[in-house]
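Encoded as structure tokens, the structure appears first; notes follow it.
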Amino acid sequence: MDVIVKASAEAVADFVHEQLLEHIKLSPASVLGLPTGGTPEPIYARLVESYRSGLVSWKDITTFNLDEYIGLGADHPGSYATYMRERLFDHVDGPAEHHHIPNGLAGDPAGEAAEYEGKIAAAGGIDLMLLGLGQNGHIGFNEPGSSFQSRTRAVDLTPSTIAANQRFFGAGELPPRKAISMGIGTILEARRIIVVATGEVKAVAVRRMLGEQKTPDLPASALQDGRNVMVVLDALAASEYRGAPFVP
Ligand code: F6R
């Protein structure tokens, strides 16, 4: 794991944006795995700017989002489909069919998850997976206790994750309690992974991810086994982490 610490969240976004830009320029038909949440917002804003400046095209890029809430349609303001259209997809080129997000309204979430897994395989797997980090160490919506071999599936969200995501919903509206999420096993198969964490609220999860023996209690610790993993932190997220990654 390469660990890179930048002074601020802005500097993290600049750096990760550069990494993605270089990747897309070198591999304009690649398959990206994408997160939602607060962390990637400044990265998506920079990607939209670089598209508008003519630096990059998304026309041959395929994307797979990590997760979607069960019970929310693609047009619901709190859905991850809406999040992605508003932050990225509506502002770059490339047909909507290239952008995959699990269907939160599927009558059979298990079937939808299996189909999603099949679509990732049919696309040749994920070349570059961008990940955020939950305060409880989740990646995607793989909450503590998730198997490192898990595949895309329906999952229950923990109360702390529901509370952390309340800010994306209107007053009086609770986020759903279930989601479809790529599995940890699915994520680990990506050929390259960039994990991004900013802010003091992530400091404990970062310390445990990098410095402790891997355990399903801290799903992100599975990344210690990942191929080609880069962790990009701001100084606050890195503030509890001292020294080298845990070596068993
Ligand atoms: C979202 C996702 C989650 C988030 C994580 C951090 O698609 O998969 O794992 O990356 O909850 O969220 P933020 O960035 O809002 O702190």
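Indexing begins at 1, ligand by ligand and atom by atom, following the structure's order.
The only member of Arg87, His17, Glu49 that meets side chain to side chain contact (heavy atoms under 4.5 Å, CB included) when paired with Tyr44 is Arg87. Applying the side chain to side chain donor-acceptor pair (under 3.5 Å) test between Asp127 and each of Arg192, His23, Arg191 identifies Arg191 as the sole match.
Ring planes of Phe64 and Tyr116: perpendicular class, angle over 60° (limits at 30 and 60°). A perpendicular orientation is assigned to the rings of Tyr69 and Phe169, their planes being inclined by more than 60° (bins at 30° and 60°). The aromatic rings of His99 and Phe89 sit parallel to each other, their planes meeting at less than 30°, with 60° as the upper class boundary.
Under 4.0 angstrom from ligand 1, the non-hydrogen atoms of Leu66 all belong to its side chain. For Asp67, every heavy-atom contact with ligand 1 shorter than 4.0 Å involves the side chain, none the backbone. Within the 4.0 Å heavy-atom criterion, neither part of Glu143 lies near ligand 1. The backbone of Leu133, and not its side chain, has at least one atom closer than 4.0 Å to an atom of ligand 1 (non-hydrogen atoms only; backbone = N, CA, C, O).
In terms of protein heavy-atom proximity, atom 14 (O) of ligand 1 is closest to Thr39 OG1, 2.4 Å. From the protein, the heavy atom lying nearest to atom 10 (O) of ligand 1 is Gly132 CA, 3.3 Å. In terms of protein heavy-atom proximity, atom 1 (C) of ligand 1 is closest to Thr36 OG1, 3.1 Å.
Taking 4.0 Å as the cut-off between side-chain N and carboxylate O, Asp156 and Lys178 count as a salt-bridged pair. Salt bridge annotation for Arg46-Glu10: present, with a cationic side-chain nitrogen under 4.0 angstrom from a carboxylate oxygen.
Under a 4.0 angstrom heavy-atom cut-off, Glu41 registers as lying outside contact with ligand 1. Taking 4.0 Å as the cut-off, Lys202 counts as a neighbour of ligand 1 on heavy-atom distance.
Relative to atom 3 (C) of ligand 1, the option among Pro35, Gly140, Pro219 with the closest non-hydrogen atom is Gly140.
Residue-to-ligand polar distances keep Asn165 apart from ligand 1: every N/O pair is separated by 3.5 Å or more. Remark: ligand 1 and His138 share an N or O pair separated by less than 3.5 Å (distance only, no angle test).
With ligand atoms numbered from 1 in the order given, ligand 1 contributes 13 (P), 14 (O), 15 (O) to contacts under 4.0 Å with heavy atoms of Gly38.
Take Ser27 and apply the side chain to side chain donor-acceptor pair (under 3.5 Å) test, not counting sequence neighbours, and it matches no residue.
Taking Ile, Leu, Val, Met, Phe, Trp and Tyr as members and joining any whose side-chain heavy atoms lie under 4.5 Å apart, directly or through other members, the hydrophobic cluster of Ile180 also contains Ile70.
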